[in-house]
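A, B, ... follow the sequence lines: proteins, then strands. Residue 1 opens every chain. All values below were derived from every heavy atom in this structure, side-chain atoms included, with hydrogens, water molecules and symmetry-related copies excluded.
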Amino acid sequence: NSIIGDQYKWPKTVPYYLQDDLDVNAKGVILKAFEQYRLKSCIDFKPWSGEENYISVFKGSGCFSSVGNRRVGKQRLSIGSGCDRIATIEHEFLHALGFWHEQSRSDRDDYVTIMWDRISEGREHNFNKYNDSTSSSLNVPYDYTSMMHYSKNAFRNGTEPTIVTKIPAFADVIGQRMEFSDSDLLKLNRMYGCARSSTFLDTCDFERENICGMIQGPEDQADWERVSTVTGGPTTDYTNLGRCTGHGYFMHFSTVSATSGNKALLESRLLYPKRGYQCLQFFYYNSGHTSDQLSIWVREYDEANPNGTLRFIQTIDGPPQNLWQLHHVSLAVSKKFRVIFEGTKGSGSSAGGLSLDDINVSETMCPEHIWRVNNFLSVMETTPQGTAIYSPRFHSKYGYTFQMGLYPNGTIDYPGELGAFAHLTSGDNAVDASLEWPSAWKQITMMLMDQNTDIRKRMSNQRSITTDPTQVIAGSTNFYWDNPRKVGMEVTEADGTKYFRGPGLGTYVYLTQARARSRDFIKGGDAIFLLTMEDISHLVPSQPLPSTTTAKPNTSQPTTAKPETPKPETPKPTTTSKPSSPCDKVTCENDGVCVLDNGGVAVCRCKVGDDWWYTGDRCQFKGSTQDWIVTAVVASVCVLAVMLIVTITSVVCLKKKYKKRMQAAGDDIPYQHAAV
Amino acid sequence: SDTQVDVDDGKADLFDVNEGAGLDLFEGDILYDEREQK
């Protein structure tokens with residue numbers, strides 16, 4: 001539920017500053033969280049460039065934020081140790097954007113029962129609720145699936161839950177920290193008046209007859225058809241997998257009777273890019289002949305080419321298989337465009353054809369690798385507790401080879417959980433020998449994909465770890481991310497292949513098995529893990545300050561926080577020197593910010609509060625409303641004193657003047673009369 | 001070696017992290033200034 005009052009809202013583009021003390025992995029995950037906001041809402045984030053109010057993210061002792069824009073200039077938000085999870089970061093930023101916890105909304109007693117006698121002593125205040133004059137649920141029903149909801153065991157003093165849901169089925173649903181729920185997004189988008197999201201372009205599951213505005217290509221010899229089943233396969237679509245009678249459509253290009261070389265083009269509606277890079281994701285079923293082909297093109301439009309220019313992107317490597325395959329294609333388009341799916345009939349005989357379903361286009365980076373675990377429910381149940389299964393080894397674009405280790409049935413200490421760990425592995429001998437060891441600042445992300453049709457509604461579970469080149473193995477002098485041939489153990493695969501697996505970094509509480517069974521994490525029996533390795537060494541240096549101010553945001557802690565253990569010094573890559581600026585020579589004191597005025601002259605903008613302010617060319621003087629009162633009183637007294645002196649002096653002078661005049665005239669008129 | 005490090009130390013939620021850090025913030029993770037609220 002949201003805090004009422006426009007003054008608590010941020011602009012739709014929120015300025016942020018990532019403090020130096022943040023873990024490098026945390027910085028990377030924060031940027032991933034921002035990407036989710038951009039994909040699913042109109043909220044965007046930009047590096048702080050001198051705006052009056054901004055969010056300063058630092059590494060405090062824990063994860064916390066204020067609620068709403070407090071208009072205090074630098075507003076702190078802590079992502080401490082253990083908080084570098086995307087859902088935690090999204091949760092804290094929802095607070096900052098103006099949201100309280102879900103179970104504190106005014107009507108919560110209709111939906112949950114707070115078990116007051118099970119709450120730890122002194123923690124009862126955590127279960128306050130707000131009346132509807134101070135908070136608004138934005139006309140959205142109570143949301144058990146909100147990422148802002150406490151879990152059932154929050155602040156408990158024993159083993160019994162502190163929150164009991166009125167609908168028992170939601171007992172284990174509350175407290176999810178995977179992703180925004182539909183209602184979280186509805187409320188966020190309502191509160192900020194979002195009409196569209198920043199990086200989303202299109203989604204299509206072909207359930208509607210208008211096929212999302214897609215068109216058949218004008219220059220082809222065959223058409224794609226909207227169907228719900230095909231004799232040669234697939235027998236169902238991927239969206240519904242045949243679960244809903246009368247629903248479940250996909251697009252199909254039959255290669256059974258087509259002439260060799262015949263093409264069928266399916267073109268998306270017009271899309272308008274902003275960023276210049278996109279990810280096309282879709283499910284593809286090939287029941288045709290090996291020689292049948294699917295290719296991706298784009299048709300780009302500009303003033304010189306109003307009818308569009310075709311550009312080939314790639315041919316899909318998807319041999320005939322009895323399953324819906326997931327594919328990603330990276331695009332780099334900066335003009336108005338359409339995506340084109342081109343099916344080509346090959347030379348062999350076919351009993352089926354090419355099929356497409358669940359297409360998404362967004363201005364995001366594509367994941368690099370896919371690990372599909374077949375029959376995942378069975379894998380969770382039959383894998384012995386404490387036993388890991390491993391993905392294939394994946395080659396990153398940086399040369400390093402890595403894999404994911406998964407505990408599908410938890411461990412003895414953490415039963416009912418999925419554990420997930422990332423490992424570097426040995427790859428090609430010559431390549432490994434040419435690489436830098438230990439590996440530095442490579443962030444590996446392990447995402448269990450929620451296979452919901454619409455990318456905006458997915459609550460995929462993801463965790464990231466980063467290779468810190470200074471990390472050492474406990475009780476050893478070896479670096480954690482050194483060459484796996486040196487610090488790893490030799491393993492032998494089922495086919496006899498031998499390689500080395502380095503130490504793993506990850507978590508035993510990646511996701512509960514119950515949550516893994518929910519939503520569309522398992523579809524058609526399979527789970528899909530998306531794995532990516534990204535270089536984030538650019539996040540090691542400090543975030544540049546606006547116009548090179550010298551007033552660097554500090555990292556003060558709340559009074560309740562414990563002092564933080566100093567972070568060991570880590571070697572940082574050298575950064576290129578910044579161009580000189582007039583602000584280089586100006587020092588703004590007391591958190592003032594140096595900016596260039598219209599004439600390009602460096603001036604300090606000083607910090608201001610409700611009843612105080614800093615002033616002076618360097619913000620060196622402090623003022624307050626109290627000072628003004630004192631000044632006014634002193635000034636009044638001085639003016640009064642001066643007037644008295646002038647009056648007395650005048651009276652004395654006049655007196656002397658008339659006394660002399662009367663003496664001279666011999667007149668005996670009393671002095672008093674003359675004065676009157 | 002067969003080393004494996006758990007970055008979460010078994011803490012499943014941000015409220016566990018804050019409790020482990022000894023924090024007693026408003027509603028577990030909210031910075032709340034009563035004077036400001038007035």
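Side-chain contact between A:Met489 and B:Thr3 is absent, with no heavy atoms from C-beta onward closer than 4.5 Å. Between B:Asp29 and A:Glu92, the closest side-chain pair of non-hydrogen atoms falls below 4.5 Å. B:Leu31 is not listed as a side-chain neighbour of A:Gln75, based on a closest heavy-atom distance of 4.5 Å or more. The closest side-chain heavy-atom distance from B:Asp6 to A:Tyr414 is below 4.5 Å. Side-chain atoms of A:Tyr150 and B:Glu27, non-hydrogen and from C-beta on, do get closer than 4.5 Å to each other. Side-chain contact between A:Pro503 and B:Gln4: absent, with no pair of heavy atoms (C-beta onward) separated by less than 4.5 Å. Counting only heavy atoms from C-beta outward, the side chains of B:Val5 and A:Phe421 never approach each other to under 4.5 Å.
Distance check, rounded to the nearest 0.5 Å: CG of A:Asn153 to CG of B:Asp16 gives 9.0 Å. With rounding to the nearest 0.5 Å, the separation of CG in B:Asp8 from CD in A:Glu417 is 10.0 Å. Rounded to the nearest 0.5 Å, atoms CD1 (B:Ile30) and CZ (A:Phe64) are 12.5 Å apart. Note: B:Leu14 CG to A:Arg177 CZ = 5.0 Å, rounded to the nearest 0.5 Å. Here B:Lys11 contributes atom NZ and A:Ser81 contributes atom OG; the two are 8.5 Å apart, rounded to the nearest 0.5 Å. Here the CG atom belonging to B:Leu23 is positioned 8.0 Å from the OG atom belonging to A:Ser78, to the nearest 0.5 angstrom.
Checked by atom type and distance alone, the side chain of B:Asn18 never pairs as donor or acceptor with a backbone atom of A:Gly62 at under 3.5 Å. The backbone N or O of B:Asp9 sits nowhere less than 3.5 Å from a side-chain atom of A:Tyr508 that would complete a donor-acceptor pair.
Heavy-atom distances place both the backbone and the side chain of B:Val7 under 4.5 Å from chain A. B:Phe15 touches chain A through its side chain: at least one heavy atom from C-beta onward sits under 4.5 Å away, while N, CA, C and O do not. Contact of A:Phe500 with chain B is not made at all, since no heavy-atom distance falls under 4.5 Å. No part of A:Phe127 comes within reach of chain B, as not one of its non-hydrogen atoms sits under 4.5 angstrom from that chain. Proximity to chain B (any heavy atom under 4.5 Å) is shown, for A:Asn128, by both the backbone and the side chain. Only the side chain of A:His95 comes within less than 4.5 Å of a heavy atom in chain B; its backbone stays farther off.
Residues A:His125 and B:Tyr32 place their aromatic rings such that the two centres sit no closer than 6.0 Å.
Listed here is the closest heavy atom pair of A:Cys83 and B:Val17: SG-CG1, 4.0 Å.
Taking the side-chain hydrogen bond (donor to acceptor under 3.5 Å, both in side chains) definition, one finds that A:Tyr499 meets it with A:Gln403, A:Arg501, sequence neighbours left out.
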